Amino acid sequence: MGFLDILLGRTKAVAPDLDQLFGLPSAALTLQAAAGFTPTGTGAVCFASVEGGAFAQAHQEVQELLDADAERTGPPVEVSRDEYGYSWLVSRREPDDLPALVSDLHAVNSALEGSGFGPQLLCSVAGFQDAEQRRLGLVYLYKRGTFYPFAPLAGEAQRRDNALELQVKAALADDLRIEQDLSRWFPIWGAPGL
């Protein structure tokens with residue numbers, strides 16, 4: 001970082017560390033003990049849609065890679081688009097097989113990054129719920145290399161449970177690299193599995 005960057009308040013971008021995703025299974029144990037949330041078995045990778053043959057080819061290869069998993073049960077990997085125009089590649093596993101779900105999320109991110117589409121990757125999310133059917137997503141921000149909790153309120157029009165999010169932040173501080181800038185805890189309304 002140069003002198004001009006310091007004067008203008010610019011900082012170096014944090015390189016994504018996809019291996020941080022592998023911290024989710026141990027964080028899930030902490031989350032269950034601290035707040036009663038268990039994995040739903042659903043996870044997704046969000047990326048900005050790009051037109052063109054190269055991206056379509058990379059996208060198809062990722063989907064074929066995950067669908068070729070001989071141990072996969074249930075529905076194949078799905079692709080959906082939300083109301084904001086972002087694409088989601090959704091993987092569903094058994095709720096007690098969070099490590100396999102994390103491997104899916106890592107594979108999608110790695111494959112798209114390896115194909116030169118890293119700038120289009122936005123986030124990955126793993127879904128959780130508690131006995132009261134409250135939903136929670138642990139969101140990995142690709143460009144920041146950090147996690148944050150997202151807890152949409154059931155039946156509420158785009159409202160979040162901020163108290164729960166802060167509780168989860170405190171509980172997982174030793175398990176995951178938590179995003180400290182709360183203004184970067186973006187809502188992911190309509191995310192698959194939440």
Side-chain angles (χ1 to χ4, degrees), residues 13-31 37-50 55 58-59 61-67 69 72 74-82 84-95 97-129 135-152 160 165 168-169 172 175-181 184-194:
V14 176
D17 180 5
L18 293 175
D19 289 344
Q20 291 294 315
L21 289 169
F22 292 116
L24 280 171
S26 66
L29 296 174
T30 302
L31 187 58
F37 280 85
T38 57
T40 62
T42 301
V45 175
C46 180
F47 50 93
S49 297
V50 176
F55 187 76
H59 185 262
E61 288 173 7
V62 167
Q63 190 158 358
E64 288 172 359
L65 171 73
L66 296 181
D67 287 341
D69 182 354
R72 178 175 292 282
V77 174
E78 305 165 16
V79 178
S80 67
R81 185 171 268 187
D82 65 22
Y84 303 103
Y86 295 109
S87 295
W88 293 85
L89 202 142
V90 184
S91 178
R92 297 183 197 286
R93 295 286 188 151
E94 291 297 318
D97 200 3
L98 186 59
L101 180 67
V102 168
S103 292
D104 289 351
L105 299 177
H106 189 278
V108 170
N109 281 290
S110 296
L112 290 175
E113 182 182 55
S115 297
F117 296 104
Q120 281 71 38
L121 289 168
L122 301 174
C123 69
S124 296
V125 61
F128 294 82
Q129 71 180 17
R135 297 171 297 147
L136 173 73
L138 290 181
V139 182
Y140 175 75
L141 288 171
Y142 178 80
K143 291 176 174 62
R144 303 277 295 173
T146 56
F147 289 88
Y148 69 90
F150 175 67
R160 343 172 33 161
E165 291 176 355
V168 170
K169 174 188 184 242
L172 297 181
D175 292 289
L176 298 174
R177 186 183 301 160
I178 300 293
E179 176 59 52
Q180 297 301 311
D181 182 355
R184 295 197 180 267
W185 289 21
F186 304 111
I188 51 174
W189 307 118
L194 288 185

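In this text the structure is predicted, and so the values were computed from the model without any measurement. Heavy atoms only: backbone and side chains are in, while hydrogens, waters and symmetry mates are out.
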Inset, instruction - Enter the distance from Leu24:CG to Phe22:CZ here, rounded to the nearest 0.5 Å. - result: 10.0 Å

Legend entry - Residue list, ring-ring contact (aromatic ring centres under 6.0 Å, His included) with Phe37, at least two apart or on another chain: none

Legend entry - Interatomic spacing from OG1 in Thr42 to CG in Leu194 - rounded to 0.5 Å: 9.0 Å

Inset, instruction - With rounding to the nearest 0.5 Å, note down the distance linking CG in Leu105 to CZ in Arg93. - result: 10.0 Å

Inset, instruction - Quick one: do Val102 and Leu98 satisfy side chain to side chain contact (heavy atoms under 4.5 Å, CB included)? Show the steps, please. - result: CA-CA 6 Å; Val102 168; Leu98 186 59; 4.1 Å; yes

Legend entry - Donor-acceptor contact present, side-chain Lys143 to main-chain Cys123, <3.5 Å: no

Legend entry - Nearest atoms (heavy-atom pairs only) where Phe186 meets Phe150: O-CD1, 4.3 Å

Inset, instruction - Please identify each residue that fulfils side-chain contact (heavy atoms from CB on, under 4.5 Å) with Thr38, with sequence neighbours left out. - result: Gln32

Inset, instruction - For residues Ser124 and Val139, determine if any side-chain heavy atom of one lies less than 4.5 Å from a side-chain heavy atom of the other. - result: no

Inset, instruction - Mind checking side-chain hydrogen bond (donor to acceptor under 3.5 Å, both in side chains) for Glu179 and listing every partner two or more places apart, or none if nothing turns up? - result: Arg144, Thr146

Legend entry - Straight-line distance of Leu136 CG to Phe128 CZ, nearest 0.5 Å: 7.0 Å

Legend entry - side-chain contact (heavy atoms from CB on, under 4.5 Å) against Pro99, all qualifying residues, sequence neighbours excluded: Pro25, Asp97

Legend entry - Contacts of Ser87 that satisfy side-chain hydrogen bond (donor to acceptor under 3.5 Å, both in side chains) - sequence neighbours left out: Ser49

Inset, instruction - With sequence neighbours left out, write down each residue that passes side-chain hydrogen bond (donor to acceptor under 3.5 Å, both in side chains) with Ser110, or none if nothing qualifies. - result: His106

Legend entry - Residue pair Arg160 / Pro152, side-chain heavy-atom distance below 4.5 Å: no

Legend entry - Nearest-0.5 Å distance, SG of residue Cys46 to CG of residue Leu141: 10.5 Å

Inset, instruction - Using ring-ring contact (aromatic ring centres under 6.0 Å, His included) as the criterion, list what pairs up with Phe117, not counting sequence neighbours. - result: Phe55

Legend entry - Contact check, side chains of Val125 and Leu138, non-hydrogen atoms, under 4.5 Å: no

Legend entry - Test item: Thr40 side-chain N/O and Gly127 main-chain N/O as donor-acceptor pair under 3.5 Å: yes

Inset, instruction - Not counting sequence neighbours, which residues clear salt bridge (Lys or Arg N to Asp or Glu O under 4.0 Å) with Asp181? List them please. - result: Arg184

Legend entry - Residue pair Gln20 / Leu18, side-chain heavy-atom distance below 4.5 Å: no

Legend entry - Separation of Phe47 CZ from Leu122 CG (nearest 0.5 Å): 9.5 Å

Inset, instruction - Check the pair Tyr142, Glu113 against side chain to side chain contact (heavy atoms under 4.5 Å, CB included), reporting the backbone distance first and the verdict last. - result: CA-CA 10 Å; Tyr142 178 80; Glu113 182 182 55; 2.5 Å; yes

Legend entry - side-chain contact (heavy atoms from CB on, under 4.5 Å) partners of Pro95, counting only residues at least two apart: none

Inset, instruction - Check Leu101 against Ser91 and note the closest heavy-atom contact, atom names and distance. - result: CD1-O, 3.5 Å

Inset, instruction - Report the residues that fulfil side-chain contact (heavy atoms from CB on, under 4.5 Å) with Ser26, sequence neighbours left out, ordered by chain and then residue number. - result: Asp175

Inset, instruction - Would you sort out whether Trp88 and Asp82 count as a side chain to side chain contact (heavy atoms under 4.5 Å, CB included), showing the intermediate values? - result: CA-CA 8 Å; Trp88 293 85; Asp82 65 22; 3.0 Å; yes

Legend entry - Those residues that, when tested against Trp185, pass side-chain hydrogen bond (donor to acceptor under 3.5 Å, both in side chains) (two or more places apart): none

Inset, instruction - Write down the atom of Leu172, the atom of Ala27, and the distance for their closest heavy-atom approach. - result: CD2-O, 3.4 Å

Inset, instruction - Answer yes or no: is there a donor N or O on one side and an acceptor on the other, between the side chain of Gln180 and the main chain of Ile178, under 3.5 Å? - result: yes

Legend entry - Intermediate values then yes/no, side chain to side chain contact (heavy atoms under 4.5 Å, CB included), Tyr86 and Ile188: CA-CA 10 Å; Tyr86 295 109; Ile188 51 174; over 6 Å; no

Inset, instruction - Verify the distance criterion only: is there a donor paired with an acceptor across the side chains of Tyr148 and Glu165 at less than 3.5 Å? - result: no

